[in-house]
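Note sheet for the following structure.
Please read these numbers as outputs of a predicted model, since none were measured by experiment.
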Amino acid sequence: MRFDVTGKVSLDHIYDQPDPRTYFRALRPLDYGVPQQAKPYFAKIITEYRESQHVAVPKVLDIGCSYGINAALLKYDATMDELYARYGDEERAAESREALLARDRELARSRRPPQAIRFVGLDTSGSALSYALEAGFLDDVVHADLEQHEPTPRQRAQLSGTDLVISTGCVGYVTERTLTRVVRAQGVRRPWMAHFVLRMFPFDPVERALAGLGYRTVRVDEVFRQRRFASPQEQALVLDSMSAAGVDPRGLEAEGWLYAQLHLSRPYDITGTNEPNREQS
């Protein structure tokens with residue numbers, strides 16, 4: 001078992017496969033479920049944006065989207081349990097990629113959302129993006145590493161016009177560099193943001209960078225289970241990292257789960273948004 005510099009087990013291999021089966025088989029034993037917990041929060045924010053900004057079809061940018069999981073949950077009302085069964089069951093192991101895609105396209109055709117959403121995925125994995133686009137989960141994809149590079153003119157055009165920016169776990173590996181480049185691609189517009197971030201990763205640098213771009217950030221009081229630790233060694237390494245960062249794991253990570261918090265960032269001129277119970281970060 002390999003670990004990255006943060007102490008977490010390295011799962012890089014599950015994000016660059018031709019289809020999502022390896023992803024779901026690897027994460028199922030760990031009870032990975034933060035996209036399911038994020039779903040009602042994202043749905044509420046999308047509705048608030050649509051109604052307050054009078055945008056009929058909001059454009060949502062999912063950073064670190066992998067195989068389009070958040071899009072499948074929000075556009076087609078899928079659940080994580082359904083997706084685990086869809087891709088993780090042994091009977092699917094011998095199924096061809098084409099057969100998986102055919103079933104996913106049928107899901108996309110048969111479950112039209114009551115209100116349209118346009119989903120764009122940003123990720124460094126071309127394989128995951130390709131699958132999500134072919135399956136119909138994502139409407140457009142941006143294959144880029146904005147931590148290392150400025151967006152190309154084409155990528156800037158794809159990012160332009162974003163209404164909401166979301167993520168479920170990539171912040172910490174993705175930093176304020178990526179988010180700043182996404183915002184600057186909008187010109188004078190400022191999309192709303194909602195990021196589920198592991199407690200082990202400080203959000204302060206992101207918040208400061210966004211404040212410089214005209215944002216106010218708040219943090220929802222609730223904490224959200226992301227997944228179980230993959231091993232006692234991973235837990236020990238993560239607890240060491242949290243201790244060094246001054247984050248108290250008692251009652252949370254110390255009990256065997258990684259936990260995330262939700263950070264909401266909106267332009268200063270947005271008022272009356274009926275945000276969930278929260279405290280200022």
Please report the interatomic distance [atom1]([X]) to [atom2]([Y]), rounded to the nearest 0.5 Å.
X: Phe203; Y: His263; atom1: CZ; atom2: NE2; answer: 5.5 Å
X: Glu95; Y: Arg103; atom1: CD; atom2: CZ; answer: 4.5 Å
X: Asp62; Y: Leu122; atom1: CG; atom2: CG; answer: 9.0 Å
X: Phe24; Y: Gln17; atom1: CZ; atom2: CD; answer: 13.5 Å
X: Gln36; Y: Thr79; atom1: CD; atom2: OG1; answer: 5.5 Å
X: Leu258; Y: Leu30; atom1: CG; atom2: CG; answer: 9.5 Å

Is the backbone N or O of [Y] less than 3.5 Å from a side-chain atom of [X], with the two atoms forming a donor-acceptor pair by type?
X: Ser125; Y: Tyr15; result: yes
X: Arg97; Y: Pro18; result: yes
X: Thr47; Y: Ala43; result: yes
X: Gln261; Y: Val220; result: no
X: His143; Y: Thr124; result: yes
X: Asp139; Y: Val120; result: no
X: Thr180; Y: Glu176; result: yes
X: Ser243; Y: Leu239; result: no
X: Tyr268; Y: Tyr215; result: yes
X: Gln158; Y: Asp140; result: no

What's the shortest heavy-atom distance between [X] and [Y], and which atoms?
X: Ala254; Y: Gly251; answer: CB-N, 4.4 Å
X: Gln186; Y: Val182; answer: NE2-O, 2.9 Å
X: Glu234; Y: Gly7; answer: CG-O, 3.6 Å
X: Ser127; Y: Asp16; answer: OG-OD1, 3.2 Å
X: Met242; Y: Met200; answer: CG-CB, 3.8 Å
X: Cys65; Y: Gly121; answer: SG-CA, 3.4 Å

Say whether [X] and [Y] are linked into one hydrophobic cluster, either directly or through other cluster members, by side-chain heavy-atom distances under 4.5 angstrom.
X: Tyr259; Y: Val9; value: no
X: Leu100; Y: Leu83; value: yes
X: Ile46; Y: Val55; value: yes
X: Val247; Y: Val223; value: no

In Arg199, Gln235, Gln226, the residue satisfying side-chain hydrogen bond (donor to acceptor under 3.5 Å, both in side chains) with Glu253 is Arg199
Take Phe119 and Ile117, measure what side-chain contact (heavy atoms from CB on, under 4.5 Å) needs, and give me the verdict at the end.
-> CA-CA 6 Å; Phe119 255 90; Ile117 310 169; 3.7 Å; yes
Check this for me, if you would: do [X] and [Y] make a salt bridge, where the nitrogen-to-carboxylate-oxygen distance has to be below 4.0 angstrom?
X: Glu150; Y: Arg177; value: no
X: Asp89; Y: Arg28; value: yes
X: Asp31; Y: Arg228; value: yes

Could you tell me if the side chain of [Y] sits less than 4.5 Å from the side chain of [X], heavy atoms only?
X: Val34; Y: Arg227; result: no
X: Leu133; Y: Leu129; result: no
X: Pro205; Y: Thr175; result: no

Which class fits the ring pair Phe137 and Tyr76: parallel under 30°, tilted 30 to 60°, perpendicular over 60°?
-> tilted
Hey, mind stepping through Lys44 and Glu51 against salt bridge (charged side-chain N to carboxylate O under 4.0 Å, His left out) and telling me if it holds?
-> CA-CA 11 Å; Lys44 177 174 170 33; Glu51 294 176 352; over 6 Å; no
Around atom CZ of Arg109, are there more than 12 heavy atoms of other residues, nucleotides or ligands at under 6.0 Å?
-> yes
Test Glu147 against Thr178 for side chain to side chain donor-acceptor pair (under 3.5 Å), laying out the working first.
-> CA-CA 5 Å; Glu147 285 295 294; Thr178 289; 2.7 Å; yes
Going by atom types only, do Arg50 and Gln115 share a side-chain donor-acceptor pair under 3.5 Å?
-> yes
Name the atoms and distances for all side-chain donor-acceptor pairs under 3.5 Å in residues 159-173, with sequence neighbours left out.
unit_1	atom_1	unit_2	atom_2	d
Thr162	OG1	Leu159	O	2.6
Asp163	OD1	Tyr49	OH	2.9
Asp163	OD1	Arg189	NH2	2.8
Asp163	OD2	Lys59	N	2.8
Ser167	OG	His195	ND1	2.7
Thr168	OG1	Asn70	ND2	3.1
Tyr173	OH	Asp4	OD2	2.7
Tyr173	OH	Thr6	OG1	3.4

Hits for salt bridge (charged side-chain N to carboxylate O under 4.0 Å, His left out) against Arg118, two or more places apart or cross-chain, chain-then-number order -> none
Test log, rule side-chain contact (heavy atoms from CB on, under 4.5 Å), inputs Trp257 and Phe224 | CA-CA 10 Å; Trp257 289 79; Phe224 305 87; over 6 Å; no
Kindly indicate, with the supporting measurements, whether the criterion side-chain contact (heavy atoms from CB on, under 4.5 Å) is fulfilled by Glu82 and Leu107.
-> CA-CA 12 Å; Glu82 178 183 3; Leu107 181 149; 3.9 Å; yes
Return the set of residues passing side chain to side chain donor-acceptor pair (under 3.5 Å) with Lys39 (not counting sequence neighbours), or none when no residue passes.
-> Asp77
Decide yes or no on side-chain contact (heavy atoms from CB on, under 4.5 Å) for Glu134 and Arg105, but give the supporting numbers first.
-> CA-CA 8 Å; Glu134 290 182 62; Arg105 290 176 185 136; 3.9 Å; yes
Test salt bridge (charged side-chain N to carboxylate O under 4.0 Å, His left out) applied to Arg86 and Asp104, step by step = CA-CA 9 Å; Arg86 193 175 192 87; Asp104 286 341; 2.6 Å; yes
